[in-house]
Number of protein chains: 2
Amino acid sequence: MTDAHDLLFKTLADPTRRAIFERLCRSGEQTVGALTTHAGVSQPAVSKHLGVLKQAGLVRDRHEGRQTHYSAQLGALAPLVDWTKEMAGFWESRFDDLEDLLKRMDQ
Amino acid sequence: MTDAHDLLFKTLADPTRRAIFERLCRSGEQTVGALTTHAGVSQPAVSKHLGVLKQAGLVRDRHEGRQTHYSAQLGALAPLVDWTKEMAGFWESRFDDLEDLLKRMDQ
DNA sequence: GAAATCAATAACCCGTTGGCTATGGATTGA
DNA sequence: TCAATCCATAGCCAACGGGTTATTGATTTC
């Protein structure tokens, strides 16, 4: 039911939340305040998103004084990659566009 | 805002809907009736999910008499693969677990 | 010590979503 | 032709999710 795939897809489905994660991937560790500046939503909203991301294992937090630094955890994306590969595997060579996808996955 | 990634993640975030897509990947083309048998929800619910999947380009439909056959379109997963690779790219070699993810992506 | 800053939580609001039943249009079969 | 089947749509409802403001606890700064 609520397996790892569910958690990942649900967590990444919201554009605001995904943007926060993308920012952490691009620019590395950042405080809640820094993230709030660019998020376009209020600080509590950002904190809530970070909480969801953390629960999905997509971010880590590090407390330093009164501020909290968050950083992306790329490894948490593994189930997503696995799922995609599994779906591709089921298809085997059933359709032509499979090749395109496989090419894409092999860099 | 509502770009390709959004559509994909949102569409795949629902477990029932994702299960339908997975089934189409595993077992190939199927009618709405066949899918309804295993979906655990009503036929209208299945039709609605198929509509969402179709809008995301994840399935195709083929009408044959009074029944409609649906099949998965693996190519539609490409943006998801690209996004994952992009996130991984941003990280470059910043953390150790990146290697694990890259290994996983290269089969 | 008092004031200000940072981030998390609480409480609330509202739009979206996923489910249902009911219905209808199209096709098949008797 | 009439009944039955298949699927899509409509209409409704309850639950969930993401946003807000208000508040509080910690920490820093003056």
Side-chain angles (χ1 to χ4, degrees), chain A residues 1-24 27-73, chain B residues 1-3 5-24 27-72:
Chain A
M1 303 286 147
T2 310
D3 57 1
H5 299 149
D6 240 58
L7 197 57
L8 267 184
F9 277 116
K10 272 201 211 301
T11 300
L12 296 172
D14 181 76
T16 304
R17 187 159 54 229
R18 198 173 59 254
I20 292 174
F21 177 72
E22 289 179 8
R23 183 167 193 86
L24 287 175
S27 312
E29 188 184 73
Q30 286 175 59
T31 67
V32 176
L35 291 169
T36 300
T37 303
H38 306 91
V41 293
S42 66
Q43 172 266 311
V46 171
S47 282
K48 205 186 276 187
H49 282 306
L50 288 168
V52 176
L53 286 168
K54 183 181 173 185
Q55 192 129 15
L58 286 164
V59 300
R60 284 189 57 198
D61 58 344
R62 181 176 66 82
H63 298 279
E64 188 179 318
R66 64 183 165 185
Q67 50 193 0
T68 311
H69 299 259
Y70 282 88
S71 55
Q73 293 293 107
Chain B
M1 304 280 152
T2 311
D3 56 1
H5 299 148
D6 241 58
L7 198 56
L8 266 185
F9 278 114
K10 274 201 209 302
T11 301
L12 295 172
D14 181 77
T16 305
R17 187 158 54 228
R18 198 172 59 255
I20 292 174
F21 178 71
E22 288 179 8
R23 181 165 194 88
L24 288 174
S27 312
E29 188 184 75
Q30 287 175 60
T31 67
V32 175
L35 291 169
T36 300
T37 303
H38 306 92
V41 293
S42 66
Q43 172 265 312
V46 172
S47 281
K48 205 187 274 189
H49 282 307
L50 287 169
V52 176
L53 287 168
K54 184 181 172 186
Q55 192 130 17
L58 286 163
V59 300
R60 282 189 57 198
D61 60 342
R62 181 175 66 81
H63 298 280
E64 188 179 317
R66 64 185 166 183
Q67 50 192 1
T68 310
H69 300 259
Y70 282 88
S71 55

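We name chains A, B, ... by the order of the sequence lines, and we start the count at 1 in each one. Because only heavy atoms are used, hydrogens play no part in the values below, and waters and symmetry mates are left out as well, while side chains stay in.
A close approach under 4.0 Å does not occur between any side-chain nitrogen or oxygen of B/Ser47 and OP1 or OP2 of D/dT9. Taking only side-chain nitrogens and oxygens, B/Ser42 comes nearer than 4.0 Å to OP1 or OP2 of C/dC20. Here A/His63 does not reach the OP1 or OP2 of D/dT27: none of its side-chain N or O atoms lies under 4.0 Å away. A close approach under 4.0 Å does not occur between any side-chain nitrogen or oxygen of B/Arg66 and OP1 or OP2 of C/dG25. Contact annotation: B/Tyr70 side-chain N/O to D/dC6 OP1/OP2 distance is not under 4.0 Å. Between D/dC7 and B/Thr36, no contact under 4.0 Å exists linking OP1 or OP2 to a side-chain N or O.
Positionally, the nearest nucleotide of DNA chain D for B/Ala34 lies more toward the 5' end than for the other of B/Lys48 and B/Ala34. Nearest-nucleotide positions on DNA chain D place B/Thr31 closer to the 5' end than the other of B/Thr31 and A/Pro44.
One interatomic measurement links the two molecules: CZ of A/Phe9 to P of D/dG17, which rounds to 17 Å at whole-angstrom precision. Atom CG of B/Asp6 is separated from atom C1' of C/dT17 by 15 Å (rounded to the nearest Å). One interatomic measurement links the two molecules: CZ of B/Arg17 to C1' of C/dG19, which rounds to 12 Å at whole-angstrom precision. Distance CG (A/Asp14) to P (C/dT17): 11 Å, rounded to an integer number of Å. Note: CG (B/Leu12) to C1' (C/dT17) measures 16 Å, nearest angstrom. Rounded to a whole Å, the CD atom of A/Gln30 is 16 Å from the C1' atom of C/dA7. Taking atom CD1 of A/Ile20 as the reference point, atom C1' of D/dG18 lies 11 Å away to the nearest angstrom. Residue A/Leu7 contributes atom CG, which lies 11 Å from atom P of D/dG17 at whole-angstrom precision.
Interatomic distance, A/Glu22 CD to A/Leu12 CG, rounded to the nearest 0.5 Å: 9.0 Å. One distance of note links CD of A/Gln30 with OG1 of A/Thr36; it measures 10.5 Å at 0.5 Å rounding. Here the straight-line distance linking atom NE2 of B/His69 with atom CZ of B/Arg60 works out to 13.0 Å at 0.5 Å rounding.
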Exercise for review: Carefully, step by step, assess A/Val32 and A/Ser47 under the rule side-chain contact (heavy atoms from CB on, under 4.5 Å).
Suggested key: CA-CA 7 Å; A/Val32 176; A/Ser47 282; 3.9 Å; yes

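Counting non-hydrogen atoms under 4.0 angstrom, B/Gln43 reaches a base of the nucleic acid. Among the protein residues, A/Ala45 comes within range of the nucleic acid bases, having at least one heavy atom under 4.0 Å from a base atom.
A salt bridge links A/Asp6 and B/Arg18; the closest N-O separation between the charged side-chain nitrogens and carboxylate oxygens is under 4.0 Å.
Closest approach to the A/Thr68 side chain among C/dA7, D/dC7, D/dG11 is made by C/dA7 (side chain taken as heavy atoms from C-beta onward). Listed nucleotides D/dG19, D/dC6, C/dG18 differ in distance to B/Gln67; the shortest reach to its side chain belongs to D/dC6.
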